[in-house]
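To keep things clear, I will list the structure first and then write my remarks on it.
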Amino acid sequence: MWRRNRIPTITVRAGLVGDVLPATVVNELKPSVDAFIAKLPPAIPLQPPARSKKAQKAAAVVPLMLFVMATILMIQLQSFQRLFLVVEVAPLGLIGVVAALVPSGAPLGFVAILGVLALIGILIRNSVILIVQIEDLVAEGQDRREAVIEATEHRMRPIALTAAAASLALIPIEREVFWGPMAYAMMGGIIAGTAITLLFLPALYVTWFRIKEPKQGDEPSVPENGELAQDPA
């Protein structure tokens with residue numbers, strides 16, 4: 001028995017067997033615990049696990065963080081169209097999350113959801129890098145279609161290497177009961193999301209801005225800044 005805030009306190013602890021998550025045990029024991037609390041005198045309070053309370057507090061902050069993320073992206077991109085293109089790619093990373101969690105048998109719990117949130121940030125960062133590179137090339141006077149191709153080729157290696165480094169760094173914790181689901185979710189999402197970003201985002205950009213392949217004899221296109229695209233030759 002310990003004294004916390006000068007109140008005699010007893011802490012009940014238990015070890016987990018196998019791959020059972022703490023949240024699963026808490027939810028299964030909740031009816032029995034509630035029935036036990038009802039029999040206790042009012043002077044004897046019973047508090048749930050601290051980890052469960054921390055998880056609830058962290059989940060309540062998620063909408064605010066998503067709003068802050070969208071605000072920062074809008075300030076950086078300065079365009080609702082570019083913001084839409086960046087945000088549109090992020091949910092496609094769930095394809096890799098599902099592909100990694102199902103074969104491994106890891107549950108989609110709170111920790112895995114944290115990994116998904118971190119994954120969304122990584123994919124949005126890669127999309128912003130690619131979009132900004134395209135816009136910079138267009139601002140320099142390059143044809144928009146050629147800018148999409150050159151920016152994708154130029155950014156493919158650093159984005160792929162960053163994704164590989166992040167995935168390899170998660171391997172040591174993939175066998176942990178608590179952190180394993182997050183590792184699987186992030187590794188699958190990073191690998192699939194990076195490939196989707198490099199393939200889908202340029203195609204979406206070309207489709208959204210209705211960029212057509214120039215035909216022979218066509219005059220060079222005029223970018224948004226009004227300057228004619230320079231002939232590479």
Side-chain angles (χ1 to χ4, degrees), residues 2 10-34 46-66 68-69 86-87 89-130 155-201:
W2 297 79
I10 296 178
T11 302
V12 180
R13 302 179 183 273
L16 300 178
V17 179
D19 296 336
V20 182
L21 294 177
T24 303
V25 177
V26 172
N27 293 332
E28 291 181 355
L29 293 179
K30 190 176 186 304
S32 302
V33 173
D34 291 340
L46 192 147
Q47 297 181 356
R51 182 177 297 173
S52 177
K53 295 175 64 176
K54 290 179 181 179
Q56 293 177 359
K57 292 181 180 179
V61 184
V62 171
L64 176 61
M65 297 309 300
L66 293 177
V68 173
M69 183 186 301
V86 169
V87 176
V89 178
L92 298 180
L94 295 176
I95 298 174
V97 174
V98 175
L101 291 180
V102 172
S104 64
L108 184 61
F110 176 75
V111 179
I113 294 176
L114 287 180
V116 172
L117 293 177
L119 169 67
I120 291 175
I122 294 174
L123 297 182
I124 287 179
R125 181 203 60 185
N126 293 339
S127 300
V128 169
I129 291 174
L130 192 56
R155 291 296 181 181
M156 180 178 297
R157 178 176 294 180
I159 290 177
L161 291 177
T162 304
S167 300
L168 294 175
L170 294 168
I171 292 179
I173 63 173
E174 66 178 356
R175 303 308 304 172
E176 296 288 336
V177 175
F178 185 76
W179 298 109
M182 184 186 71
Y184 282 113
M186 290 191 66
M187 284 193 296
I190 289 173
I191 294 173
T194 301
I196 291 173
T197 300
L198 294 174
L199 296 175
F200 177 73
L201 182 58

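All figures in this text were calculated on a predicted structure; none of them were measured in a lab. Heavy atoms only: backbone and side chains are in, while hydrogens, waters and symmetry mates are out.
To the nearest 0.5 Å, the span separating CG on Asp34 from CG on Leu46 amounts to 9.5 Å. One distance of note links CG of Leu201 with CD1 of Ile129; it measures 11.5 Å at 0.5 Å rounding. Between the CG atom in Leu199 and the OG1 atom in Thr194 there is a gap of 10.5 Å [rounded to 0.5 Å]. Summarising the geometry, atom CE belonging to Met69 is positioned 7.5 Å from atom CG belonging to Leu117; distances are rounded to the nearest 0.5 Å.
The residue from Leu130, Ile122, Ile124 that alone fulfils the side chain to side chain contact (heavy atoms under 4.5 Å, CB included) condition with Asn126 is Ile122.
Across Gly96 and Ala192, no two heavy atoms sit closer than the pair CA-CB, 3.5 Å. A pairwise comparison of heavy atoms in Val97 and Leu119 identifies CG2-CD2, 3.5 Å as the closest pair.
Side-chain contact between Thr197 and Leu123 is present, with at least one heavy-atom pair separated by less than 4.5 Å. Contact of the Trp2 side chain with the Thr11 side chain is not registered, since no non-hydrogen atoms from C-beta on lie closer than 4.5 Å.
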Residues 108-115 side chain polar contacts: donor-acceptor under 3.5 Å, at least two apart:
none

Show which side-chain atoms of residues 157-185 pair as donor or acceptor with protein atoms under 3.5 Å away, not counting sequence neighbours.
residue	atom	partner	partner atom	Å
Thr162	OG1	Pro158	O	2.7
Ser167	OG	Ala163	O	2.9
Arg175	NH1	Tyr184	OH	3.2

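By the 6.0 Å contact criterion, CE on Met65 is open, its count of non-hydrogen atoms from other residues, nucleotides or ligands being 12 or less.
Remark: Ser32 pairs with no residue by the side chain to side chain contact (heavy atoms under 4.5 Å, CB included) rule, at least two apart or across chains.
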